[in-house]
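The structure under discussion appears below in the form of structure tokens.
Counting starts at 1 for both ligands and their atoms, in listed order.
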Amino acid sequence: MNRRHTVILLFVSVLLLVAVAFFVFPPMNRMRSPDPAFDNGAPRMGMNNMHMGGTAGPPLSLFDQAAAPLTIPPLLEGTSASDGSTAYTVTAQEGVTEMVEGMPMATYGYNGSFLGPVIRLRQGQTVTIKTENHLDTATSFHWHGLKVPSNVDGGPHSPIPAGGTADLEFTVNQEAATLWFHPHPVGSAGEQVYQGLAGLLYIEDAHSDALALPKEYGINDFPLIVQDRLLSDGSPLNYSNAYTPDGAYGDTLIVNGTINPYLDVKDEQIRLRLLNGSNARNYQFQLADGSSFHQIASDGGFLNEPVAMRNLQLVPGERAEIVIDLSGYAQGESVQLMEEDIPVLTLNVREDQPSKAPSLPTELNTLKRSENTGIPDKTLTFSGMGHMVAIDGKQFDMERIDLRAKARTKEVWEIHNDPDMMGGMIHPFHLHGVQFQVLSRNGEEPPENERGWKDTIALYPGESVRIAVEFPEPGVFMYHCHILEHEDSGMMGQVLVE
Ligand code: C2O
Ligand code: CU
Ligand code: CU
């Protein structure tokens with residue numbers, strides 16, 4: 001064999017290898033062709049919006065069970081104390097849930113058997129929360145998106161042993177927003193969330209009271225915790241069956257714990273407060289008939305104005321409030337909120353409103369955009385997959401402070417997702433203790449629906465994102481990938497704020 005043959009042989013084998021790799025790891029998250037008129041919320045990263053197979057888990061399928069009314073979590077009532085504060089009790093407990101008819105399963109929940117109540121707080125309110133752990137394992141109560149000192153944050157530094165309790169006290173010091181709470185114990189956040197520990201935390205204020213938006217809880221303002229669980233194999237909730245090092249994935253969508261949910265609504269504007277509460281799966285939400293809707297709020301509060309969109313992506317941990325105008329639908333019609341080709345929620349228009357829905361307010365907030373300064377104060381690199389995930393080449397160590405920052409001082413952070421040879425994957429970046437602004441994605445303005453307060457964002461493979469961060473409180477705060485299995489494997493660091 002001469003040199004030329006060797007070169008040809010090499011070339012052919014490389015081609016073959018690439019072809020084999022493509023079949024073994026097909027690109028899973030299909031690209032949507034962006035509609036130029038409505039690409040405000042669409043991912044702009046082109047081919048980077050790929051989530052390689054083998055890490056995307058089983059595809060979602062329709063679970064063979066009759067439609068059921070959407071479970072609306074109860075609102076948790078506080079009791080007011082003589083000092084003007086309001087007291088709440090949140091208990092992590094075991095329970096039995098019959099998500100699948102005829103198959104009661106062992107689950108976890110807050111103050112109930114699966115998921116938790118909605119805790120509704122007001123800006124300026126002084127709150128005490130008694131957290132109780134009735135599980136037979138340690139947990140922690142983390143308030144995702146809440147701007148509180150780190151002794152209240154409930155991260156890995158605040159485990160509560162089985163049977164233990166802790167009392168928290170804080171003053172709500174941020175604007176109206178849809179936040180959430182979930183466990184954060186070292187190494188087992190993924191399993192505990194999968195078993196059912198998660199709940200929503202609303203903040204309301206004088207401004208959200210005054211805005212002409214749907215706000216009747218359970219009537220035209222609905223919480224939607226969207227999750228995936230492995231259910232169609234007929235076995236009960238079993239984290240180890242769903243587990244992969246790149247995320248626990250299910251094959252069945254559940255919304256507030258309901259399979260195939262529907263809601264009976266009026267032909268008016270309805271507001272959906274969406275949380276991607278999945279361990280690892282990214283969602284692309286659309287309406288089945290292709291209609292547009294408006295996003296009104298991102299993680300930490302209202303956007304400056306409603307953003308019209310036809311496709312909304314949420315990565316794990318991320319929230320969005322959207323308003324759907326049903327005034328064009330007649331009594332008896334239905335519209336479905338979809339994730340790709342799987343229905344998330346069916347909206348049945350059951351009642352004609354005599355007066356049609358008012359139009360949305362054009363101004364929702366008065367957020368000032370931070371300047372994108374020249375040199376970032378900090379740079380972070382997310383890399384790896386599976387158990388090899390790391391931030392700046394390191395895995396989480398509770399004894400190590402990775403970054404230092406000053407409270408009430410604005411910084412620019414540049415966060416990079418370093419792809420590997422297989423193309424890498426989206427890492428949802430989350431930072432505790434603060435709401436930040438996205439300054440740029442690969443040097444370009446972020447999409448319009450990312451120009452409000454954020455605490456969780458998609459980091460696409462190969463991408464560099466700049467954010468403006470200003471911690472309101474001192475303490476030690478976590479930053480991590482919100483694929484809970486990556487977090488549990490150590491894709492997490494800590495910043496000391498002084
Ligand atoms: Cu939603 Cu550190 O978590
Ligand atoms: Cu958090
Ligand atoms: Cu990750």
Side-chain angles (χ1 to χ4, degrees), residues 51-52 55-57 116 139-148 150 152-159 174 177-190 192-194 197-201 225 227 244-249 275-282 299-300 314-319 380-391 395-396 398 415-420 422-436 453-461 463 471 475-495:
H51 192 151
M52 302 306 284
T55 64
T139 190
S140 83
F141 295 75
H142 169 56
W143 315 96
H144 179 132
L146 198 61
K147 290 155 76 170
V148 284
S150 58
V152 176
D153 175 76
H157 290 276
S158 314
Q174 67 197 92
T178 300
L179 314 177
W180 67 299
F181 57 104
H182 64 81
H184 218 303
V186 179
S188 49
Q192 294 189 4
V193 171
Y194 190 85
L197 291 183
L200 287 167
L201 182 68
I225 303 177
Q227 299 175 307
T244 79
D246 281 312
Y249 290 90
L275 159 67
N276 181 344
S278 284
N279 286 41
R281 190 181 287 278
N282 302 319
D299 299 329
L314 289 182
V315 295
E318 218 178 0
R319 286 91 63 213
L380 290 177
T381 300
F382 281 58
S383 66
M385 283 171 72
H387 295 295
M388 303 302 287
V389 287
I391 302 175
Q395 294 207 323
F396 181 61
M398 189 115 81
I415 310 147
H416 178 63
N417 178 350
D418 192 16
D420 63 9
M422 290 311 301
M425 59 191 292
I426 294 176
H427 296 292
F429 169 82
H430 169 51
L431 178 57
H432 286 209
V434 70
Q435 291 290 336
F436 56 78
W453 293 118
K454 295 289 295 168
D455 57 50
T456 307
I457 53 169
L459 278 184
Y460 297 89
E463 191 187 25
F471 287 98
V476 174
F477 295 98
M478 303 293 131
Y479 51 90
H480 58 89
C481 175
H482 220 289
I483 291 177
L484 297 177
E485 290 66 31
H486 281 181
E487 173 195 323
D488 284 340
S489 291
M491 199 174 218
M492 177 154 68
Q494 39 192 356
V495 51

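- Of all N, O or S atoms in His486, the one lying closest to the Cu ion (ligand 3) is ND1.
- Around CE of Met388, the count of heavy atoms belonging to other residues, nucleotides or ligands within 6.0 Å does not exceed 12.
- With ring centers used as reference points, His482 lies under 6.0 Å from Trp180.
- With 2.8 Å as the limit, His144 does not count as an N, O or S neighbour of the Cu ion (ligand 2).
- In summary, an N, O or S atom of His432 is located under 2.8 Å from atom 2 (Cu) of ligand 1.
- Checked against the Cu ion (ligand 3), the N, O or S atom of His427 at the shortest distance is ND1.
- Under 2.8 Å from atom 2 (Cu) of ligand 1 lies an N/O/S atom of His480, whether from backbone or side chain.
- His480 and His486 have their aromatic ring centers separated by at least 6.0 angstrom.
- Residue contacts to atom 2 (Cu) of ligand 1: His184 brings an N, O or S atom closer than 2.8 Å.
- Judged by distance alone, the side chains of Glu487 and His430 never bring a donor and an acceptor atom under 3.5 Å apart.
- Under the 30°/60° scheme for interplanar angles, the aromatic rings of Phe436 and Phe429 are found to be tilted.
- The Cu ion (ligand 2) has an N, O or S atom of His142 under 2.8 Å away, backbone or side chain.
- Residues Gln435 and Asp299 bring no donor and acceptor atom of their side chains to less than 3.5 Å of each other.
- Residue side and main chain included, Cys481 places an N/O/S atom under 2.8 Å of the Cu ion (ligand 3).
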